[in-house]
Amino acid sequence: MNGPGEAIHPLALLDAVTTSGLFFGFAAGAAADRQPGSMCATGKGSVRLFRYAFGIAVAGAIWYGLGLFAPPQDAVPAAYLFQYLRAAVAGAWVSFGAPAFFARYGPGA
């Protein structure tokens, strides 16, 4: 992954693995969603702001929390697989986990 101030390497395999994992997780989560309109934001502005902040905090916890268990970069196949699964879980939270959580435990649920 690229850090601050580093040039972007468009052919870096780890970046491609991350992108494909996010795409798969997001698509799988969206396909698993059985409630049409569950992504619809309803409620007062303060409730929607809290939902946004909570959703971002959980996505960050998933991303950085799983990053603590990432294998070293010299274990290339394991690192790629772990990065793919980490990105897929984060994508699934965004498209399925958060909307399902807020539909079940949100105001008026």
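Because only heavy atoms are used, hydrogens play no part in the values below, and waters and symmetry mates are left out as well, while side chains stay in.
Summarising the geometry of Gly29 relative to Ser95, their closest heavy-atom pair is CA-OG, 3.3 Å, with the distance given to 0.1 Å. Between Pro99 and Trp93, the closest heavy-atom pair is CD-O, 4.0 Å. Considering every non-hydrogen atom in both Thr18 and Ala87, the closest pair reads O-CB, 3.4 Å.
Interatomic distance, Arg86 CZ to Leu81 CG, rounded to the nearest 0.5 Å: 13.0 Å. Interatomic distance, Leu68 CG to Trp63 CH2, rounded to the nearest 0.5 Å: 12.5 Å. In this structure, Leu14 CG and Tyr80 OH are separated by 6.0 Å, a value rounded to the nearest 0.5 Å.
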*Please step through side chain to side chain contact (heavy atoms under 4.5 Å, CB included) for the pair Phe96 and Phe26, ending with a clear verdict.*
CA-CA 8 Å; Phe96 178 73; Phe26 192 84; over 6 Å; no

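Hydrophobic clustering keeps Leu22 apart from Leu85 (ILVMFWY residues linked when any side-chain heavy atoms are closer than 4.5 Å, directly or through intermediates). Note: the hydrophobic cluster containing Leu13 also contains Tyr84 (ILVMFWY, side chain heavy atoms under 4.5 Å, direct or indirect links).
Taking the six-membered ring wherever Trp is involved, the centroid distance between the rings of Phe82 and Phe69 does not fall below 6.0 Å.
Membership of the apolar cluster around Ile56 extends to Tyr52, as traced through chained side-chain contacts below 4.5 Å between ILVMFWY residues.
Taking the six-membered ring where tryptophan is involved, the planes of Phe102 and Phe54 are perpendicular, since the angle between them exceeds 60° and thus also 30°.
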